[in-house]
Amino acid sequence: LNSDANTIDEAKNISYEDGTLNDLIIAKTAKIGEKLSLRRFSKVTKTDEENFGAYIHMGGKIAVLTVIKGADETVAKEVAMQSAAMKPLYVFSKDVPADVLDAEKEVQRNIAINEGKPKEIAEKMVEGRIKKYYKEICLADQPFIKNGDISVNEYVTNNGGELISMVRYEVGEGLEKRNENFAEEVMNQIK
């Protein structure tokens, strides 16, 4: 949708066919009987020398949009498919928040020390394990799924491009699941 919306409330009030986007969400909720809500969105722009890579997986349960500078849409889509499959949390290692990184370092340090390694050896092990951690959570550092000998960043670079950004959404992501205990609920009603 073309819009200048910057907040969820503004987005819900965007005109859409016979009403607003919020009206459409309510109508779809009534039709399928499942609670639908617009919880988040991103505005992604690109320059003329950049390309979008869009990929929707599992009938819309996972959606990814990448921006690649210099390389074509095929490369951008390959990177979007990688993101859908490998679920990176960040694009680059520099994007990992300091508190997340510190917590992971502490976990890895404790593992090394519990293995009986001296402190200075444990610190070296932490460095290596953090590099491995980046390969798991950072799109640019992940081994490229179609050629594990190179990283995603190398794949993009080899195709004359530069990885700029990625947005990945998955249905239900970030929602806390209610933990219900039916027996406990019944007992509470009896009391």
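Bear in mind that the values here come from a model prediction, so they are computed numbers and not experimental data.
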Joint hydrophobic cluster, [X] plus [Y], side-chain heavy atoms closer than 4.5 Å:
X	Y	result
Val64	Val75	yes
Val167	Ile164	yes
Val107	Val126	no
Ile150	Val156	yes
Met58	Ile32	no

Please check if the side chain of [X] supplies one atom and the backbone of [Y] the other of a donor-acceptor pair under 3.5 Å.
X	Y	value
Asn114	Ile111	no
Lys117	Ile121	no
Gln142	Glu136	yes
Asp102	Asp99	no
Glu10	Asn6	yes
Gln82	Phe144	no
Asp72	Thr74	yes

Can you tell me how far the [atom1] atom of [X] sits from the [atom2] atom of [Y], to the nearest 0.5 Å?
X	Y	atom1	atom2	value
Met86	Arg168	CE	CZ	10.5 Å
Lys69	Asn51	NZ	CG	12.5 Å
Ile14	Phe41	CD1	CZ	7.0 Å
Phe52	Leu65	CZ	CG	5.5 Å
Met81	Ile145	CE	CD1	8.5 Å
Ile130	Glu104	CD1	CD	5.0 Å

Taking all non-hydrogen atoms of both residues into account, name the closest pair between [X] and [Y] and its distance.
X	Y	result
Ala112	Met125	CB-SD, 4.0 Å
Lys46	Val67	CB-CG1, 4.3 Å
Arg39	Gly172	NH2-C, 4.2 Å
Thr66	Ala76	OG1-O, 2.8 Å

Test applied, side chain to side chain contact (heavy atoms under 4.5 Å, CB included); reference residue, Cys138; option that passes from Val152, Val91, Val96: Val96
Full working for side chain to side chain contact (heavy atoms under 4.5 Å, CB included) between Tyr134 and Leu101: CA-CA 10 Å; Tyr134 284 149; Leu101 187 56; 3.3 Å; yes
Pair Tyr16-Ile25, side chain to side chain contact (heavy atoms under 4.5 Å, CB included): steps then yes or no: CA-CA 11 Å; Tyr16 183 83; Ile25 292 169; over 6 Å; no
Heavy-atom side-chain proximity of Tyr90 to Asp141 below 4.5 angstrom: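 The answer is no, as the side chains (C-beta and beyond) never meet within the 4.5 Å cut-off.
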Which residues share a salt bridge (charged side-chain N to carboxylate O under 4.0 Å, His left out) with Glu123, sequence neighbours left out: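 In terms of salt bridge (charged side-chain N to carboxylate O under 4.0 Å, His left out), with neighbours along the sequence ignored, Glu123 is linked to Arg109.
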Side-chain ion pair, Glu115 and Arg129, N-O less than 4.0 Å: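 Yes, Glu115 and Arg129 are salt-bridged.
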Electrostatic pair Lys87:Glu173 at N-O distance under 4.0 angstrom: no
Crowding at CG, Leu36 (>12 non-hydrogen neighbours, <6.0 Å):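 Yes.
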Residue Lys31 excluded, over 12 heavy atoms near NZ under 6.0 Å: no
Side chain to side chain contact (heavy atoms under 4.5 Å, CB included) evaluation trace for Tyr169 with Ile62: CA-CA 6 Å; Tyr169 288 136; Ile62 300 172; over 6 Å; no
Verdict with reasoning, Val79 to Met166, per side chain to side chain contact (heavy atoms under 4.5 Å, CB included): CA-CA 9 Å; Val79 174; Met166 175 237 4; over 6 Å; no
